[in-house]
Structures are given as structure tokens and as C-alpha cells.
Protein chains: 2
Amino acid sequence: MARTQTTTAQNYLKELYQLQQRSDGHAPVPLGQLADSVGVTPGTATTMVKRFAGDGLMRYTPRRGARLTPKGEKVALGVLRRHRIVETFLVQHLGLDWSEVHEEAEVLEHAVSEKVLDRLDALLGHPTTDPHGSPIPPAHGKMQRVAMRPLSRCKAGQRVTIGRLLDTAPGFLKLAETLGLVPDTQVRIVEVNEDADAVTVRIGRRKPATLGLAAADKIMVSND
Amino acid sequence: MARTQTTTAQNYLKELYQLQQRSDGHAPVPLGQLADSVGVTPGTATTMVKRFAGDGLMRYTPRRGARLTPKGEKVALGVLRRHRIVETFLVQHLGLDWSEVHEEAEVLEHAVSEKVLDRLDALLGHPTTDPHGSPIPPAHGKMQRVAMRPLSRCKAGQRVTIGRLLDTAPGFLKLAETLGLVPDTQVRIVEVNEDADAVTVRIGRRKPATLGLAAADKIMVSND
DNA sequence: ATGAACACTTTGATTATTCAAAATAAATAT
DNA sequence: ATATTTATTTTGAATAATCAAAGTGTTCAT
Ligand SMILES: [Mn+2]
Ligand SMILES: [Mn+2]
Ligand SMILES: [Mn+2]
Ligand SMILES: [Mn+2]
């Protein structure tokens with residue numbers, strides 16, 4: 001109950017939430033992964049997770065991993081909501097580049113009060129996704145799950161729309177912007193070459209762009 | 001050099017700066033006062049101040065008190081600048097009440113980056129004072145010192161303009177707003193009664209308002 | 001001067017968070 | 001089935017920040 005409000009706890013909870021999403025079954029997330037995401041050594045993660053479990057925020061099975069409890073998930077979603085609304089504000093109202101807002105939001109997500117958040121949300125017109133296409137958890141109620149697949153799983157000839165960028169690294173986002181691979185943009189899959197480990201796409205009549213599969217894995221798209 | 005960036009250090013430095021302003025001579029500020037302002041016990045203040053002195057942020061004379069070094073003052077002014085720009089933003093762009101923005105800014109002042117600060121500053125049109133009339137330290141260069149005296153030192157019959165409210169307590173600010181005692185408002189001093197410990201003022205043709213001297217002490221005014 | 005009062009400092013603990021290195025368990029390979 | 005490798009957990013130690021209570025130095029009043 002206590003740790004809920006510290007920046008540290010918020011980060012652990014938020015990261016665990018995101019890890020759960022990815023490898024989503026009901027399988028616990030190995031603490032090594034959590035440690036990586038949070039940026040601490042594995043031993044530290046073990047120590048902290050045991051504490052959060054004691055606080056009723058996570059469920060922990062030694063050697064297997066951790067999962068958020070409903071209570072922990074509630075906190076995590078709150079942090080994620082603040083993070084994404086802040087990012088949206090920074091881009092739309094302060095004109096920061098979308099490649100740099102993640103870092104800013106990583107700090108501000110812990111400093112914005114409920115009241116300020118509500119005002120920002122209203123000012124932005126209650127957005128449902130952040131600048132990278134990630135869904136903004138609603139203040140109340142469940143978050144919409146949009147079905148998307150990575151660009152790397154598309155077939156040549158398909159026409160898809162960029163929905164969401166999964167990597168927050170400034171370099172990656174900068175590149176994606178340069179290539180025009182931003183949410184809501186339609187692209188045509190020119191070629192998928194598993195052997196060359198590459199995907200070639202084309203936006204309108206621009207010159208085709210080729211990406212490695214690892215990068216294409218981070219770009220989620222939907223049909224039409 | 002290390003502590004400069006922690007929230008705790010920023011608070012100590014900022015509070016010390018403000019205390020220095022008030023009792024300004026070059027006299028050191030007793031640690032008891034600093035402890036009060038920061039909200040810790042005196043022993044804690046002693047411990048911390050010794051550390052900050054070691055970091056070259058404060059100069060400390062046991063039993064007498066502490067002063068900021070030029071380096072410490074630079075940090076303090078930065079925090080104050082962030083605090084006041086954030087307050088101004090919260091009032092002017094998010095529409096929060098001026099009585100509640102201080103608390104919000106107390107947290108956000110530690111989370112806003114230089115880049116975000118610059119954008120906010122530009123968005124606000126480079127304001128020179130915050131909603132309570134306090135001067136916003138400029139990004140570079142010295143802060144302007146405006147001469148003002150407390151409402152409590154005015155004489156009956158004088159016409160003065162409210163310049164700045166020194167108390168950040170929501171209750172006080174709420175009251176001041178109700179009475180119309182906000183920066184840039186002209187008021188007439190109806191009566192100053194030292195014995196009754198009261199000052200009566202009048203704004204335009206509203207009904208006169210009477211304040212205790214303690215409250216009037218927190219309201220700084222200038223002539224004309 | 002002499003002893004209160006008062007202010008400030010020290011001391012001894014505590015909580016939160018983290019790391020490095022040693023210990024252990026689980027999974028893999030031979 | 002071993003031996004080896006890899007993932008996790010434990011242990012022992014820091015650092016930052018804080019408090020309560022005991023100790024000291026100063027200031028004041030008589
Ligand atoms: Mn982000
Ligand atoms: Mn964060
Ligand atoms: Mn303020
Ligand atoms: Mn603060």
C-alpha cells in the first residue's frame with residue numbers, strides 16, 4: 001500500500017505491465033526481464049518484487065517470475081495513462097519532436113497530479129492514442145485492444161496502415177519519421193525477403209525504403 | 001556536485017535562497033529556519049547542510065547558519081524559475097486556481113527539463129512574474145529587484161497597487177482572490193489601526209475589507 | 001554571575017533503493 | 001546421468017534521507 005506512490009514503484013509496475021502485454025499468456029514474467037526493463041541488476045529486482053508482493057501489488061513465484069495483481073495493474077495503468085497523455089501534450093502543444101518526448105514523459109509521469117492530468121486530457125480533446133500510436137488507458141474502464149501485426153509479418157503486395165511504433169529509442173523514431181513511417185500512414189509492402197532479413201515498403205510515390213526484420217518487428221500495422 | 005540534481009537538494013537550495021532574500025543582509029540563515037521551511041527536523045537540516053557545504057553549494061558556520069555559494073544560488077534560481085513558470089502555465093493554460101498551483105509546482109519544478117521549460121516560457125510569452133506576483137528568474141542574468149512594501153506599512157489615504165502575495169497557503173490565496181487583492185489591482189488604504197491590529201482597504205467602490213496586520217504583512221504593494 | 005531557556009548539533013536507528021559477488025537451482029549439452 | 005551453462009536468489013555493503021533523543025553551546029533574566 002505504501003510503495004504505490006514512489007517513482008521507483010511506479011516504474012517497476014509500469015514495466016511489468018508492458019512485459020505482461022507482450023508475452024501475454026498468464027505466464028509470469030521472469031525477473032531478469034523486469035530487471036532489464038527497469039534498468040537494475042537482477043538481484044535488485046528480486047528484492048523489490050518481494051516487497052511489492054508483500055504490498056499486494058504483484059504475485060511472485062520464486063524462479064518463475066512475477067505478475068501484477070489487479071491492484072498493481074490499476075497503478076500501472078495510471079502511470080501509463082499519465083505517460084502517454086504527457087507525451088501527447090509535449091508533441092501537440094509544446095512542439096517537441098516525437099523522438100524525444102518519451103524520455104521527458106518518463107520523468108513527468110511521476111509528477112503530474114490527477115487534476116493536472118485531467119486538464120491536459122481535456123485540452124488535448126481526450127486523445128485515445130499517444131504520438132507513437134500506443135493506446136492511452138482511459139481514466140475508468142478497460143483499455144481497448146486493437147489487433148495489429150508487425151510489419152515483418154506482412155506479405156508483398158499488401159496495403160497496410162501504420163498503427164503503432166513499439167520502440168522508444170530516439171534514433172529509431174527519428175528514422176521512422178524520416179521515412180514517413182508514422183501512425184495512420186498507408187504503406188504498400190513491396191517485398192519481404194526472409195533470406196535478406198529485409199522488408200521493403202513504399203509510401204505513395206516516394207522512393208521505397210528497406211528495413212531489417214528486427215526494425216520491422218517494431219512497427220505494428222493493421223489492414224486497409 | 002552530485003546532490004545538485006536530487007529533488008531534496010533542490011528544495012533545500014530553493015528554500016535557503018528565499019530565506020536569504022527575506023532577512024537579507026549577508027547574515028547566515030539559522031538552520032532552524034531552513035529546517036522549518038524544508039519541513040524536516042533541525043538535526044536533519046544540520047546533516048544535510050554539512051553535506052551541501054561539502055559539495056560547494058552552501059557555506060556553513062556551525063551555530064550561526066548557512067548561505068548559498070554562487071554555485072548553490074545558480075541552482076536555486078533554476079528551481080525557482082521552473083517553479084514559477086510552471087505555476088504561470090498551470091493558471092494561464094490549464095485554468096487551475098491560483099491557490100492550488102503552488103503545490104503542483106512544488107513537485108513539477110523537479111521534473112521539468114530545460115527543453116520543456118524553454119517551450120513553456122515561449123508559450124507564455126516570456127513572463128516576468130508568476131500568478132502571485134513573484135518575479136521569475138531569467139534564464140540568464142540577474143533577477144530584477146522590485147521595491148515594494150507590505151500593505152501593513154501603508155498609511156491611511158494612500159493609493160497603492162498590489163504587487164505580490166508572499167504567502168502560498170491556499171486558504172490565504174483563496175481569500176485574497178475573493179477580496180480582489182490580486183497583483184496589479186489598485187487599492188485605497190482606508191485605515192491603519194495599529195491598536196486593533198488591522199488594516200482596512202477598498203478597491204474601487206466595493207465594500208471595504210479589513211485584514212489583520214499579519215495578513216497585511218504578506219501583501220506587498222508599490223505606489224501609484 | 002548563575003541557571004534557565006532556547007537553538008543547534010550529535011548520535012544511533014530506520015527505511016528505501018541499489019550493487020557486487022557468492023550461492024543455488026534449473027535447463028542444456030554431452 | 002554427469003558436467004556445463006544460464007538464470008535467479010542471497011548476502012553483505014553502500015548511499016541518501018530522515019527522525020528521536022541526548023548532548024552542547026548561547027543568550028537572557030534575575
Ligand atoms: Mn513513451
Ligand atoms: Mn518513469
Ligand atoms: Mn509558488
Ligand atoms: Mn519542490
Side-chain angles (χ1 to χ4, degrees), chain A residues 1-16 19-20 22-23 27-67 72 75-76 79 106-107 109-111, chain B residues 1-16 19-20 22-23 27-67 72 75-76 79 106-107 109-111:
Chain A
M1 191 199 293
R3 254 130 260 47
T4 296
Q5 53 275 34
T6 90
T7 287
T8 300
Q10 289 177 1
N11 282 333
Y12 277 90
L13 295 169
K14 188 189 63 168
E15 293 305 333
L16 179 53
L19 289 169
Q20 284 186 186
R22 299 255 175 292
S23 63
V29 175
L31 298 210
Q33 268 173 52
L34 180 57
D36 274 352
S37 294
V38 175
V40 296
T41 59
T44 299
T46 302
T47 304
M48 294 302 283
V49 164
K50 285 199 287 197
R51 184 147 47 168
F52 297 136
D55 293 338
L57 296 165
M58 295 181 185
R59 192 167 58 265
Y60 167 57
T61 314
R63 301 279 167 185
R64 313 204 90 274
R67 294 285 299 182
V75 176
V79 180
E106 202 53 59
V107 177
E109 67 189 359
H110 311 292
Chain B
M1 192 201 291
R3 258 131 256 46
T4 296
Q5 53 276 32
T6 89
T7 287
T8 300
Q10 290 176 0
N11 282 332
Y12 277 90
L13 294 169
K14 188 189 62 169
E15 293 305 333
L16 179 53
L19 290 169
Q20 284 186 185
R22 299 253 176 293
S23 64
V29 174
L31 298 211
Q33 268 172 52
L34 181 57
D36 274 353
S37 294
V38 176
V40 296
T41 59
T44 299
T46 301
T47 303
M48 294 301 284
V49 165
K50 286 200 285 198
R51 182 134 43 118
F52 297 136
D55 293 337
L57 296 166
M58 295 181 184
R59 191 167 56 265
Y60 167 56
T61 315
R63 300 277 167 186
R64 313 202 90 274
R67 294 284 300 181
V75 176
V79 180
E106 202 53 60
V107 178
E109 67 189 359
H110 311 293

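Excluded from the calculations below are hydrogen atoms, water molecules and symmetry mates; all remaining heavy atoms, backbone and side chain alike, are included.
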Completion exercise
All heavy atoms of B:Ala76 vs all of B:Leu13, minimum pair found to be CB-O, 3.5 Å
Problem - Distance in angstrom units between A:Met48 CE and D:dT9 P, rounded - result: 15 Å
Handout entry: A:Tyr12 side chain near C:dT18 phosphate (N/O to OP1/OP2, under 4.0 Å)
Key = yes
Exercise for the section: Look at the side chain of B:Arg63 and the base of C:dT9, then say whether one donor and one acceptor between them are separated by less than 3.5 Å. Expected result: no
Practice task
Look at the side-chain N and O atoms of A:Thr8 and state whether any lies under 4.0 Å from the OP1 or OP2 oxygen of C:dT17.
Solution key: yes
Handout entry: Residue pair A:Arg67 / A:Leu16: nearest heavy atoms and the distance that separates them
Key = C-CD2, 3.9 Å
Handout entry: B:Arg51, nearest nucleotide to its side chain (from D:dT10, D:dT18, D:dA16)
Key = D:dA16
Fill in the blank from the handout: Minimal heavy-atom distance between B:Glu109 and B:Asn11, with the atoms involved, is OE2-OD1, 3.2 Å
Handout entry: B:Leu31 CG to D:dA17 C1', straight-line distance once rounded to whole Å
Key = 16 Å
Completion exercise
On a heavy-atom basis, the closest approach of A:Tyr12 and A:Ala45 is CE2-CA, 4.3 Å
Exercise for the section: Indicate whether OP1 or OP2 belonging to D:dT18 is found under 4.0 Å from a side-chain N or O atom of B:Thr41. Expected result: no
Completion exercise
With the side chain defined as heavy atoms from C-beta on, A:Thr46 is closest, among D:dT18, C:dC8, D:dT10, to D:dT10
Exercise for the section: Verify the contact: side-chain N or O of A:Thr6 to OP1 or OP2 of C:dT17, cut-off strictly under 4.0 Å; return yes or no. Expected result: yes
Handout entry: Nearest-angstrom distance from the residue atom CG of A:Asp36 to P of C:dC19
Key = 12 Å
Practice task
For the pair B:Thr6 (side chain) and B:Ala9 (backbone), establish whether a donor and an acceptor sit closer than 3.5 Å, ignoring hydrogens and angles.
Solution key: yes
Handout entry: B:Phe52 CZ - D:dT15 C1' separation (whole Å)
Key = 14 Å
Handout entry: Interatomic distance where CG belongs to A:Leu34 and P belongs to C:dT18 [whole Å]
Key = 11 Å
Completion exercise
Ranking D:dT10, C:dT9, D:dT9 by distance to the side chain of A:Lys50, first place goes to D:dT10
Problem - OP1 or OP2 of C:dT18 under 4.0 Å from side-chain N/O of A:Thr44 - result: no
Problem - Atom pair distance, as rounded to whole Å: CG in B:Leu13 and P in D:dA17 - result: 11 Å
Handout entry: N or O in side chain of A:Tyr60 less than 4.0 angstrom from D:dT8 OP1/OP2
Key = no
Practice task
May I ask you to say what A:Gly32 touches in the nucleic acid, namely base, sugar-phosphate or nothing, with a heavy-atom cut-off under 4.0 Å?
Solution key: sugar-phosphate
Practice task
For B:Glu15 and D:dA17, give me the distance from atom CD to atom C1', rounded to whole Å.
Solution key: 17 Å
